[in-house]
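The structure appears right after this line, and notes come after that.
Note that the coordinates shown come from a computational prediction; the quantities given were computed from them, not determined experimentally. Read the numbers this way: they start at 1 and go in the same order the structure lists the ligands and their atoms.
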Amino acid sequence: MTTIHTHTLGFPRIGARRELKTALEAYWRGDTDQAALEETGRQLRARHWAQQAAAGLDFVTVGDFAFYDQVANHIQLFGCEPERFGFDGTQAPLARYFAMARGDREHDAACCGGSHSVHALDMTKWFDTNYHYLVPEFSAATSFTLHADRLLAEVAEARALGHAVKVALIGPLTFLWLGKARDGERLDLLAQLLPVYCTLLAQLKDSGAEWVQLDEPILGLDLAPAWRNAFEPCYWQLGQSGAKLMLATYFSPLEENLSLACRLPVAGLHVDGIRARGELTSVCDWLPVPKVLSIGIVDGRNIWRTDLDAALSVIKPLLERRGGQLWLAPSCSLLHVPFSLDGESDLDPELKSWLAFAAEKLGELATLKAALAGAGAPDALAAARAAIASRARSTRVHSDQVAASVAALAPDADRRRSPFAQRQALQRARLRLPDFPTTTIGSFPQTAAIRAARAGFKSGALAAAAYDDAMRAEIAHAVARQEAIGLDVLVHGEAERNDMVEYFGEQLNGFAFTRYGWVQSYGSRCVKPPVIFGDVARPRAMTVGWTAHAQSLSAKPVKGMLTGPVTILQWSFVRDDQPRSCTALQIALAMRCEVADLERSGVQIIQIDEPALREGLPLRRARWDEYLDWATRAFRVTAGVAADATQIHTHMCYAEFNDILPQIAALDADVITIETSRSDMELLDGFGKFSYPNEIGPGVYDIHSPRVPQVEEMERLLRKAAQVIPARHLWVNPDCGLKTRGWAETETALSNMVAAARRMRAASL
Ligand code: GLN
Ligand code: ZN
């Protein structure tokens, strides 16, 4: 007998039209009250459960809803709100929740007139996704108490609507691992945390939840032995609760943790059938048969329609080995894909037929289930087959021209002509910059007028010529201000770009843009990643006009500004029919043409931003080298076309460069600018110890805050930098682009920065 169950590890909570975002922001502004916000939450949950039930899932998932972040929900659930927030029992749970997520603004005003603030919990990336979670803060004094009212109420809500319920929770080991500990070891808290989990599991069972899914994605990481060894005793205890547990792993193969995961005393195991496809047979062999095997067969990290025939041929032999019992699911929570294709009227029908967002992915599960149960689903299967075939042979996907230019790329195309020292001498002779040259990272304030002009142009309300004039005026304005401030290397200011990836994607072949394809990034923030569906090529220059205009207005060098191939790749949904490395190389070739055109137009300095280089690192260290090889090559292919006398800059803004310094050096950019001010230049130490060979601009002021830094502060940071980096290699710049700042503060801050650089010059005479 064949029994297939279907379920999902989680569903997007933001809503088909970002209803949650709208409700949250209205609530934060004070326009609505808590009851209205709770009502929106209730409606969204009800709607999403109904959608899951309609797709024939055997359980709806409860516990994946959050007003800000699911990890923050667990912090409250287990009563471990950090002491530093000073909660004294008088604040309501939701007020405490948003205080942790967004910082305590009321406290600022009431206690100290805003002179110090209770800053929000840190945010960091959820594994290798672009979702950011709030980082739990632990210390030796952390204690845990259960506050399950909200979760139990959601279970009751779903049951009242007639649904069979599976509750999704983060497992205790992953929860501790996600946090940071001020003192002591996070793992030491497990003994205290476990009884609280056990109580919760018992309560969930009593509440009528049929299954509890415990997410332990850390089983796909290189775990220290102490963490690995903690799993068995931990899960033995959880097993005592009597709840039926489904241990969920995803994002990465289990490898050395595979037999451990199969051995744990739980009722079921979910594995990622996309990223760990090679392990499915072993899991099948290791997992004792009474246990349920759940296979994540639909890609939860991408937007492509599943090749259902291929999926069926993977599933069928496994089904036989499992005695006809199997669960099917997306590989991970659907939080990481957009809601549905409904309303995507701007996408042409062919391209649209190749895609599946969260709602369509549920439909794919239903089709697979029907096909395996012998019930057929011939129409749905035929439609899927036709879409897969049309995508595979489409000339929109495959371009002979792109294939030819990739093939024609010389093996040394990723090398500049001469070594850095020779280039440096040529660039110095040509650019004649002072010591400690000053510059910015690219963007200047995106004012309301700029945004209005762009929106008007997009909607057709503003004619192309008028838009062009408006942008040119903005550029002229930015150049004039930079000259007045006394900066040495100017930028055009990026007024025409609303986003550093979208701007290029819109002009490149092979990219598509959705209307509602939003994915939650954090809290109410969503991003709409482009879809790279085909071979990438650049039909015409993308930035030359704006940059050349800026250069024509100043005798000082204007830096051309490009987004690098790895960042474009990382912040898009990418093809699954060729390796990421191939797509990266195609983007690199397109951007390489732009470098050549900029150079030809007389631009002497070109910056290629790669803020996402580090986030592309695979979860397993053993795969880092392979990634870094092709990723750094993609950057070098972009830059390699530049003449020796053209100065190539790159920019990265995220911390922790130390473990990839050799590869950052291997980019061989003439200048790298990085974010260092918030770490008080400590980040620079690694570059110093490594004897980083090329020039560096360590950020001297934090652009995330409206605070204007004083000359002395920046001078102190520069002195600190000069202790680890040779002074002749130092540049002076802010941490990152200034698009979120206002002009007034920007002008003062940059003037102070220029003054700090001048003091450094005077002192080194
Ligand atoms: N050039 C971009 C800017 O200044 C860089 C942004 C980034 O690093 N994220 O806005
Ligand atoms: Zn940056």
Side-chain angles (χ1 to χ4, degrees), residues 123 125 130 132 438-447 450-451 454 471 474-475 478-479 481-482 487 489-505 521-522 525 527 529-530 542-543 546-547 550 558-572 591 594-595 598 603 605-616 635 638-639 647-657 664 667 669 671-679 683-684 696-705 731-743 746 749-750 753:
M123 254 186 337
K125 278 177 182 276
N130 282 329
H132 300 73
T438 54
T439 191
T440 62
I441 306 304
S443 57
F444 273 110
Q446 288 260 333
T447 58
I450 292 177
R451 285 198 298 268
R454 241 191 354 244
M471 291 301 118
E474 291 294 346
I475 290 170
V479 168
R481 295 224 182 169
Q482 292 173 82
L487 288 158
V489 171
L490 314 191
V491 295
H492 78 290
E494 302 181 24
E496 78 288 5
R497 305 183 191 175
N498 61 341
D499 177 274
M500 62 188 291
V501 171
E502 187 172 296
Y503 178 75
F504 292 99
S521 171
Y522 63 87
R525 271 272 304 178
V527 293
M542 304 180 282
T543 65
W546 304 125
T547 314
V558 172
K559 193 161 53 159
M561 199 56 60
L562 304 177
T563 304
V566 184
T567 298
I568 293 180
L569 181 85
Q570 242 351 84
W571 292 350
S572 302
M591 301 310 288
E594 191 69 15
V595 169
L598 278 171
V603 171
I605 306 181
I606 300 169
Q607 179 172 311
I608 304 166
D609 290 326
E610 284 291 22
L613 181 76
R614 196 181 196 291
E615 6 176 311
F635 178 91
T638 306
Q647 191 171 63
I648 297 290
H649 290 216
T650 189
H651 166 74
M652 292 177 198
C653 31
Y654 299 110
E656 291 177 57
F657 297 118
I664 291 180
L667 297 176
V671 182
I672 182 170
T673 55
I674 53 172
E675 175 185 326
T676 39
S677 81
R678 285 196 289 180
S679 76
L683 269 175
L684 205 56
I696 308 188
V700 293
Y701 87 81
D702 176 15
I703 54 86
H704 298 94
S705 150
W731 283 67
V732 180
N733 46 263
D735 272 345
C736 192
L738 296 159
K739 69 175 172 197
T740 58
R741 302 268 59 93
W743 264 111
T746 296
L750 290 177
M753 187 185 88

request  = Quick one: closest heavy-atom pair of Met753 and Thr439, and the distance?
outcome  =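 Closest approach of Met753 to Thr439: CE-O, 3.5 Å.
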
request  = Could you tell me the residue and atom name of the protein heavy atom closest to atom 5 (C) of ligand 1, and the distance to it rounded to 0.1 Å?
outcome  =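 Ranked first by proximity to atom 5 (C) of ligand 1 is Asp609 OD2, 3.4 Å.
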
key: Lys739 N/O to ligand 1 N/O under 3.5 Å   = no

task = Looking only at distances, please establish whether an N/O atom of ligand 1 is found under 3.5 Å from an N/O atom of Ile441.
result = yes

Distance filter under 4.0 Å to [X] heavy atoms, resulting ligand 1 atoms:
| X | result |
| --- | --- |
| Gly737 | 3 (C), 4 (O), 10 (O) |
| Met500 | 6 (C), 7 (C), 9 (N) |
| Gly442 | 4 (O) |

query = Can you tell which of Thr638, Ile648, Thr547, Thr543 makes a side-chain contact (heavy atoms from CB on, under 4.5 Å) with Ile606?
reply =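 Single pass found, and it is Ile648.
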
request  = Run through Ile441, Ile674, Thr438, Val700 and flag the one making a side-chain contact (heavy atoms from CB on, under 4.5 Å) with Asn733.
outcome  =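 For Asn733, the side-chain contact (heavy atoms from CB on, under 4.5 Å) check succeeds only for Ile441.
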
task = Return the set of protein N, O or S atoms whose distance to the Zn ion (ligand 2) is under 2.8 Å, each given as residue and atom.
result = His651 NE2, Cys653 SG, Cys736 SG

request  = Kindly determine whether Asn130 and Ser521 satisfy side-chain hydrogen bond (donor to acceptor under 3.5 Å, both in side chains), including the steps that lead there.
outcome  = CA-CA 6 Å; Asn130 282 329; Ser521 171; over 6 Å; no

Measure from the side-chain N and O atoms of [X] to the backbone N and O of [Y], and report whether any donor-acceptor pair falls under 3.5 Å.
| X | Y | answer |
| --- | --- | --- |
| Arg454 | Ala495 | yes |
| Tyr522 | Lys125 | no |
| Gln570 | Val566 | no |

ask   = In terms of the angle between their ring planes, are Trp731 and His649 parallel, tilted or perpendicular, with boundaries placed at 30° and 60°?
value = perpendicular

task = Answer yes or no for His651: is there a heavy-atom contact with ligand 1 below 4.0 Å?
result = yes

Region of Ser443 engaging ligand 1 - heavy atom pairs below 4.0 Å = both

task = Start with the C-alpha distance between Thr650 and Glu610, add both sets of side-chain angles, then the distance that settles side-chain hydrogen bond (donor to acceptor under 3.5 Å, both in side chains), and finish with yes or no.
result = CA-CA 7 Å; Thr650 189; Glu610 284 291 22; over 6 Å; no

message = I'd like to know if Glu494 pairs up with Lys739 as an ion pair, taking the criterion as any Lys NZ or Arg NE/NH1/NH2 lying under 4.0 Å from an Asp or Glu carboxylate oxygen.
response =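 Here Glu494 does not pair with Lys739 in a salt bridge, since their nearest N and O are not under 4.0 Å apart.
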
